[in-house]
Amino acid sequence: MPELAEVEFFRRRWNPGLGQRIVAVAVHSRARVFRGAPTSAIVSALRGQTLLSSSAAAKHLLFRFSGDTWLGIHLDMSGELLVRPADHRPGKHDHVVLRTTTHALVSADPRMFGRVDLHRGTEPPPWWTALAPPLLSPEFTATAVAEFRRRRARAPLKAVLLLQERFPGVGNWMADEILWRAALHPRRLAGSLTPAEVRTLWRECCRVARLALATIAGRTEADTPPDLNVRIPDTWLFNHRWRDGGRCPRTGCPLVREEIGGRTTCWSPARQKLT
DNA sequence: GTGCTTGTTGGCCA
DNA sequence: GTGGCCAACAAGCA
């Protein structure tokens, strides 16, 4: 589920642990999420350390602890971070539980496509520094989008927007939202865009990232993912994309769903033309 | 039981 | 070498 803004939302969920000492660590030792780091190393590295800060970038989370210890979490499709009372008993899908004296910081992931990584050192791990510049950074320019489009000229726009090396944090629904706002058909080949269309695409990438962060990342702790749709205005494609018989909020015409680039894609034929 | 699922990766192929 | 496409990963839900 989590894309850019949802990842940021989950990052904030662990804020009650900031500045707190981890008094105990519980892990689900056989879970697939630990394929990047042995659970014994995670337990011994984090126990007794203090959570100093956290960051979210693209679909990744990085938590910095004292003792030059870092915990990376990728939530992938079904991961979620939670805060529970200190005496929380781990459920079936709670793979990491970091206990402070007041809270339990929980990382859960039913499908286990996500991963948990441990890093030791004064600097953040290499995979973190190698992430593409965020959509809202000065490095994410219309020129960079134009250059990338030239390299991926023969791929449909939908598939191109999902490439994290240029559009970090963009997932399925964000890609559809961006193309819908830019009035570009998801099947258009990236190489076919005019310079003006490239600029529009870039602008809508930034706009959707900003809107998503403002709307989703700032939700309160009481909000849970099933309530997500409630908070999102009906003027977005988001609220209509999965509903059978959904209609385009701008034209009122029926929406279409089809697989493009290997992913279910929703668009408004009245607004997004192929030619 | 069947058929879906908002992500990523590696292997295959053009 | 580059880039597009697909299956696989695993569990829950309708």
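Letters A, B, ... mirror the listed sequences (proteins, then strands); counts begin at 1. Reckoned from all heavy atoms, side chains included, excluding hydrogens, waters and symmetry mates. Just so it is clear, the model here is predicted, and its values are computed rather than measured.
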Would you say that more than 12 heavy atoms from the other residues, nucleotides or ligands in this model lie under 6.0 Å from the CZ of A/Arg35, or not?
yes
Nearest whole Å is fine: how far is C/dC9 C1' from A/Arg35 CZ?
8 Å
Ignoring hydrogens and geometry beyond distance, is a side-chain donor-acceptor pair present between A/Thr264 and A/Glu259 at under 3.5 Å?
no
Between C1' of C/dC5 and CG of A/Leu189, the distance in whole Å
14 Å
Using a 4.0 Å heavy-atom cut-off, does A/Gly171 contact any base of the nucleic acid, only the sugar-phosphate backbone, or nothing at all?
sugar-phosphate
Dot-bracket for DNA chain C, 5' to 3', with Watson-Crick and G-U pairs under 3.5 Å, [ ] for crossing pairs and | for other-strand pairs: what is it?
.||||||||.||||
For the pair made of CZ in A/Phe10 and P in B/dT6, what is the distance, rounded to whole Å?
16 Å
Without decimals, in angstroms, what is the distance between A/Glu259 CD and B/dT5 C1'?
12 Å
Rounded to the nearest Å, what distance is computed from the CD atom of residue A/Glu165 to the C1' atom of nucleotide C/dG4?
12 Å
What I'd like to find out is whether the side chain of A/Leu71 reaches to under 4.5 Å of the side chain of A/Phe65, using heavy atoms alone.
yes
Rounded distance in Å - CG (A/Asp176) to C1' (B/dT6):
10 Å
Please determine, by modelled atom types, if A/Ser78 and A/Asp109 share a side-chain donor-acceptor pair under 3.5 angstrom.
yes
Are A/Arg13 and A/Glu80 close enough for a salt bridge, meaning some N to O gap below 4.0 Å?
yes
Taking only residues two or more places apart in sequence or in another chain, which ones pass side-chain contact (heavy atoms from CB on, under 4.5 Å) with A/Arg203?
A/Thr200, A/Arg207
Please verify the inter-ring angle class for A/Trp14 with A/Phe63; under 30° counts as parallel, over 60° as perpendicular, anything in between as tilted.
tilted
Does A/Arg271 count as lying over the ring of A/Trp180, i.e. NZ or CZ under 6.0 Å from the six-ring centre, within 45 degrees of the axis?
yes
Would you check if there is a donor-acceptor pair between the side chains of A/His88 and A/Asp94 at a distance under 3.5 Å?
yes
Review item, nucleotides 12-14 of chain B N/O atoms under 3.5 Å of protein N/O:
none

Set out, in order, the CA-CA distance, both residues' side-chain angles and the distance that settles side chain to side chain donor-acceptor pair (under 3.5 Å) for A/Thr265 and A/Glu258, then state yes or no.
CA-CA 5 Å; A/Thr265 301; A/Glu258 226 172 85; over 6 Å; no
Atom pair distance, as rounded to whole Å: CG in A/Asn172 and P in B/dC4:
15 Å
Protein and nucleotides 8-10 of chain B: nitrogen or oxygen contacts under 3.5 angstrom:
unit_1: B/dT8; atom_1: OP1; unit_2: A/His74; atom_2: NE2; d: 3.1
unit_1: B/dT8; atom_1: OP2; unit_2: A/Lys59; atom_2: NZ; d: 2.8

Sub-4.0 Å heavy-atom contacts from residues 149-161 of chain A onto DNA chain C, ordered by number:
A/Arg151, A/Arg152, A/Arg154, A/Ala155, A/Pro156
Classify the ring geometry between A/His60 and A/His74 as parallel (under 30°), tilted (30 to 60°) or perpendicular (over 60°).
perpendicular
Show me the protein contacts with nucleotides 10-12 of chain C, counting only N or O atoms at under 3.5 Å.
unit_1: C/dA10; atom_1: O4'; unit_2: A/Arg111; atom_2: O; d: 3.2
unit_1: C/dA10; atom_1: N1; unit_2: A/Arg111; atom_2: NE; d: 3.3
unit_1: C/dA10; atom_1: N1; unit_2: A/Arg111; atom_2: NH2; d: 2.5
unit_1: C/dA10; atom_1: N3; unit_2: A/Arg111; atom_2: NE; d: 3.0
unit_1: C/dG12; atom_1: OP1; unit_2: A/His93; atom_2: NE2; d: 2.6

